[in-house]
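Small disclaimer: the values here were computed from a predicted structure and weren't measured. Starting from 1, each residue takes its place in the sequence as its number.
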Amino acid sequence: MTGQVPHVEPFLDGARLVLAALRYGAGVKGKTVDAMRFGVPVVCTPVGAEGIGIKPGRDAIVAEDAPTLAKGVLELLNDPERCAALSVAGASLVRKRFSRASARKTVGRVFATLRCGICGSGNLIEPPPDGNYPNLSCAETVFALGRAEALGARYQSIWREMVKGRWPSWPGGNPRSAVHEFGFVGGVSDTLRGQPWYSMSEYFPGVPVGTSGPAA
């Protein structure tokens with residue numbers, strides 16, 4: 001028995017596998033996550049796998065009783081290829097569910113405020129519960145139509161690295177950036193009209209392409 005140690009990493013580095021024969025407990029089991037994070041194959045009870053999202057047989061060997069746990073340990077000790085497969089699968093699972101990036105996404109979802117894709121306002125108009133209203137205003141500040149707000153949200157997803165606030169601040173990080181909209185009515189044009197990096201156009205029957213239309 002090693003007893004308490006200040007750091008477990010050296011032991012995980014030299015381990016062929018980790019046995020987490022937990023009989024009781026609650027929440028995510030840190031010892032199981034740590035082993036998988038270091039790429040060490042795991043043999044555990046269902047309690048040892050709780051809260052992690054382990055698929056038995058793919059990410060780890062999960063067994064109910066002592067004889068089956070011992071059988072899983074012996075199988076891994078005699079099967080290097082199976083060890084390698086569990087090592088890769090376990091490390092991949094931990095990266096997907098327990099990395100800092102995953103934590104940031106989870107926290108972002110919990111504290112996210114639904115905002116208009118055009119003006120950034122969180123003061124949204126609640127649509128009626130029945131019926132289909134694709135053209136309802138979705139923000140009380142710009143009264144953007146639903147389809148215009150969806151377009152604005154798409155713009156922001158493309159330009160996310162440059163967006164530091166509301167739309168008019170976009171060109172601050174990249175003076176070469178520009179937006180051209182095919183249309184001139186709605187929340188997008190109302191918000192961006194006058195910006196040196198924004199232009200718009202519309203088709204009018206009988207008006208030559210490239211010339212000013214009746215609304216000029």
Worksheet item: Okay, side chain of T45, backbone of L22: is any donor-acceptor separation there less than 3.5 Å?
Response: yes
Fill in: E75 backbone acceptor or donor facing D79 side chain under 3.5 Å
no
Worksheet item: Counting heavy atoms not belonging to H180, are there more than 12 under 6.0 Å from its NE2?
Response: yes
Discussion item. Going by the rule side-chain contact (heavy atoms from CB on, under 4.5 Å), which residues pair with V28 if we only count those two or more places apart in sequence or in a different chain?
Written reply: V33, I52, F98
Worksheet item: If you look only at pairs with a residue in residues 43-69, which of them pass as a salt bridge (charged side-chain N to carboxylate O under 4.0 Å, His left out), with sequence neighbours excluded?
Response: K29-E50
Discussion item. To the closest 0.5 Å, what do you measure between CD1 (I54) and OG1 (T32)?
Written reply: 6.0 Å
Item to complete: Taking all non-hydrogen atoms of both residues into account, name the closest pair between A21 and L69 and its distance.
Response: CB-CD1, 3.9 Å
Discussion item. Measuring from atom CZ of R95 to atom OG of S102, what distance do you get when rounded to the nearest 0.5 angstrom?
Written reply: 12.5 Å
Worksheet entry | ILVMFWY cluster, V42 and V88 together (side-chain gap under 4.5 Å) | no
Worksheet item: Are the charged groups of D34 and K31 less than 4.0 angstrom apart, N to O?
Response: no
Discussion item. Same cluster or not: V43 versus V62, using hydrophobic residues (I, L, V, M, F, W, Y) connected whenever any side-chain heavy atoms lie under 4.5 Å apart?
Written reply: no
Worksheet entry | Where V47 and G25 come nearest, the two heavy atoms and their spacing | CG1-N, 3.9 Å
Worksheet item: Is there a path from L86 to V73 through hydrophobic residues (I, L, V, M, F, W, Y) whose side chains come within less than 4.5 Å of each other?
Response: yes
Item to complete: Take L17 and L77 through the side chain to side chain contact (heavy atoms under 4.5 Å, CB included) test and state the conclusion after the steps.
Response: CA-CA 8 Å; L17 60 91; L77 289 176; 4.0 Å; yes
Worksheet item: What closest approach, in Å, do P41 and C83 show between heavy atoms, and which atom pair accounts for it?
Response: CG-O, 3.4 Å
Response to the item:
The reported gap from CE in M200 to CZ in F182 (rounded to nearest 0.5 angstrom) is 13.5 Å
